[in-house]
Amino acid sequence: LIVSNLARISRDFYGPIAQSGCLEALPALLLHSDANVRSRVCNLVGNLCRHNDDFYLPLVQHAILPGIIERSSDPDPTTR
């Protein structure tokens with residue numbers, strides 16, 4: 001939640017976010033049993049793409065996009 005808020009606020013936080021290594025956890029979190037977690041991860045990905053394209057390649061490299069696509073048919077309406 002904090003990372004998502006930082007990404008939404010300013011692209012100035014993109015460097016530290018990228019260096020944190022948090023992207024590695026996102027594919028698993030997109031499959032989490034708790035819909036709130038899945039929803040927040042989708043929100044984070046959107047915020048990472050908000051200001052520029054810095055995260056486009058890392059999202060591909062960490063295989064996050066297939067999970068995002070799957071979430072478009074999530075049973076939870078907030079996640080969709």
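At a threshold of 4.5 Å between non-hydrogen side-chain atoms, the residues Glu70 and Leu30 do not count as touching.
The line from CD of Glu24 to CG of Leu29 is 12.0 Å long, rounded to the nearest 0.5 Å. Atom CG of Leu26 and atom CG of Leu59 lie 8.0 Å apart (nearest 0.5 Å). Here the straight-line distance linking atom CD1 of Ile68 with atom SG of Cys42 works out to 4.0 Å at 0.5 Å rounding. Here the straight-line distance linking atom CZ of Arg80 with atom OG of Ser72 works out to 9.5 Å at 0.5 Å rounding. Between the CG atom in Asn5 and the CG atom in Asn47 there is a gap of 7.5 Å [rounded to 0.5 Å]. Here Ser4 contributes atom OG and Ile9 contributes atom CD1; the two are 9.5 Å apart, rounded to the nearest 0.5 Å.
The closest donor-acceptor contact from the side chain of Ser20 to the backbone of Ile17 lies under 3.5 Å. Checking side-chain atoms of His51 against main-chain N and O of Asp12 turns up no donor-acceptor pair under 3.5 Å.
Ile69 and Val45 are not part of a single hydrophobic cluster, where members link through side-chain heavy atoms under 4.5 Å apart. Note on Val60: it clusters hydrophobically with Leu44, by side-chain heavy-atom contacts below 4.5 Å among ILVMFWY residues. In the hydrophobic clustering of this structure, Ile2 groups with Leu48; members are Ile, Leu, Val, Met, Phe, Trp, Tyr whose side-chain heavy atoms approach within less than 4.5 Å, directly or through other members.
When all heavy atoms of His62 and Pro27 are compared, the pair lying nearest together is O-CG, 3.1 Å. Residues Leu23 and Ile64 share a closest heavy-atom pair of O-CD1, 3.7 Å.
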| request: Using the side-chain contact (heavy atoms from CB on, under 4.5 Å) rule, take Gln61 and Leu57 through it: C-alpha gap first, then chi angles, then the decisive distance, then the call. | output: CA-CA 6 Å; Gln61 291 171 333; Leu57 184 58; 3.6 Å; yes
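Looking at Thr79, Asn43, Asp74 one by one, the single match for side-chain hydrogen bond (donor to acceptor under 3.5 Å, both in side chains) with Arg38 turns out to be Asp74.
Taking the six-membered ring where tryptophan is involved, the planes of Tyr14 and Phe55 are perpendicular, since the angle between them exceeds 60° and thus also 30°.
Remark: Asp54 does not engage Arg11 in a salt bridge, criterion side-chain N to carboxylate O under 4.0 Å.
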